[in-house]
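The structure appears below as structure tokens.
Side chains included, hydrogens not; waters and symmetry mates left out as well; all remaining heavy atoms used. Model, not experiment: these values are computed from the prediction. Both ligands and their constituent atoms are indexed starting at 1 by order of listing.
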Amino acid sequence: MILMDDIIREGHPTLRTKAEEVKFPLSDETRQLAEDMLQYLINSQDPEMAEKYNLRSGIGLAANQVNSLQRMFALHLQDDAGEQLSFVAINPKIVSHSVENTYLSAGEGCLSVDRNVPGYVPRHARITVKFKTIDGEEKKMRLKGLSAIAFQHELDHLNGIMFYDRINEKNPFADIPESIPYERD
Ligand code: NB4
Ligand code: NI
């Protein structure tokens, strides 16, 4: 079971290292790690489990954050339509994206960052993505809203990018061109 102590924090070089393509079929260890990453998110959103194990709530978790350089991340969240999205994306990529941008109006946080970093993080409003699932199935899907934002936050981790790298240094709340803000519940 993944706990907060297993999640590395900013300053650790793994967060700044590009993760490597995963080969299929998955090894038993890789499959186990993928399942554990998704389970962390599920547990962190369960009030009893979160309290018992002191888990910070998350909707996404990238392998870099548990000190592994495999190109995969887990997402567990409700999309705008109220549909539960829950998967591990392996070797993910964005195949196309909207011209329109978006950003979380409340800003982003990260389980690997123990401080508040204020500011808007520009993201594509809509993306079409491809990835492989744990079972080696190729998936293609269109994401928007929070799911698109989260997918981009996680893909950044696989490339060694932190969310605050994308915040305007001079004016963290500067207007994001051609964007519609995403207001979290
Ligand atoms: C990843 C997110 C940061 C911005 C927006 C949000 C939470 C994370 C980081 C986009 C992706 C983790 C991975 C939340 C959260 C809303 C939905 C449902 C009920 C609680 C849950 C809380 F926890 N970010 N945390 N941060 N990261 N929304 N929600 N709620 O997930 O660092 O790289 O359970
Ligand atoms: Ni993060």
Subject >> Asp114 CG: over 12 foreign heavy atoms closer than 6.0 Å >> reply: yes
Original post:
Is a side-chain donor or acceptor of Asp36 paired with a backbone partner of Met1 at a separation under 3.5 angstrom?
Top reply: no
Original post:
Among protein heavy atoms, which lies nearest atom 12 (C) of ligand 1, and at what distance?
Top reply: Gly60 O, 3.3 Å
Original post:
Of the choices Gly58, Gly107, Ala150, which has the non-hydrogen atom that lies closest to atom 11 (C) of ligand 1?
Top reply: Ala150
Original post:
Any donor-acceptor pair under 3.5 Å linking the side chain of Asn64 with the backbone of Arg16?
Top reply: no
Original post:
Backbone or side chain, does any N or O of Ser112 fall under 3.5 Å from an N or O of ligand 1?
Top reply: no
**OP:** For the pair Gln32 (side chain) and Asp28 (backbone), establish whether a donor and an acceptor sit closer than 3.5 Å, ignoring hydrogens and angles.
**Re:** no
**OP:** Kindly indicate whether a cation-pi arrangement holds for Lys139 with Phe87, taking the cut-offs as under 6.0 Å to the six-membered ring centre and within 45° of the axis.
**Re:** no
Original post:
Is a side-chain N or O of Gln45 found less than 3.5 angstrom from the main chain of His76, in a donor-acceptor match?
Top reply: yes
Subject >> Side chain Asn159, main chain Asp156, donor-acceptor under 3.5 Å >> reply: no
Original post:
Under a 4.0 Å heavy-atom limit, does Arg56 contact ligand 1 with its side chain, its backbone, both, or neither?
Top reply: neither
Original post:
How far is atom 9 (C) of ligand 1 from its nearest protein heavy atom, and which residue and atom name does that atom have?
Top reply: Gly109 O, 3.7 Å
Original post:
Do Arg126 side-chain atoms and Leu143 backbone N/O form a donor-acceptor pair below 3.5 Å?
Top reply: no
**OP:** Measure from the Ni ion (ligand 2) to every N/O/S atom of His153 and report the name of the nearest one.
**Re:** NE2
Subject >> Proximal candidate to atom 31 (O) of ligand 1 [heavy atom criterion; set Ile59, Asp156, Leu41] >> reply: Ile59
Original post:
With a 4.0 Å heavy-atom cut-off (strictly under), which part of Gln78 contacts ligand 1: side chain, backbone, both or neither?
Top reply: neither
Subject >> Cys110 neighbourhood, listing ligand 1 atoms whose heavy-atom distance to it stays under 4.0 Å >> reply: 32 (O)
**OP:** Check each of Glu154, Glu108, Arg184, Gln152 against atom 1 (C) of ligand 1 and report the one with the nearest heavy atom.
**Re:** Glu154
Original post:
Of the protein's non-hydrogen atoms, which lies at the shortest distance from atom 22 (C) of ligand 1, and what is that distance?
Top reply: Ser57 OG, 3.3 Å
Original post:
Angle class for the Phe163/His153 ring planes (parallel below 30°, perpendicular above 60°, tilted otherwise)?
Top reply: parallel
Subject >> Closest approach of any protein heavy atom to atom 19 (C) of ligand 1, naming residue and atom >> reply: Gln45 OE1, 4.1 Å
Original post:
N/O to N/O below 3.5 Å, does that happen between His157 and ligand 1?
Top reply: yes
Original post:
Hey, is ligand 1 close enough to Leu104 that some N/O pair sits below 3.5 Å?
Top reply: no
Subject >> Residue His157 atom name (nearest to the Ni ion (ligand 2); N/O/S) >> reply: NE2
Original post:
When you measure from the side chain of Arg123 to the backbone N and O of Tyr103, does any donor-acceptor pair fall under 3.5 Å?
Top reply: no
**OP:** Do me a favour and list the nearest non-hydrogen protein atom to atom 32 (O) of ligand 1 with residue, atom name and distance?
**Re:** Leu111 N, 2.8 Å
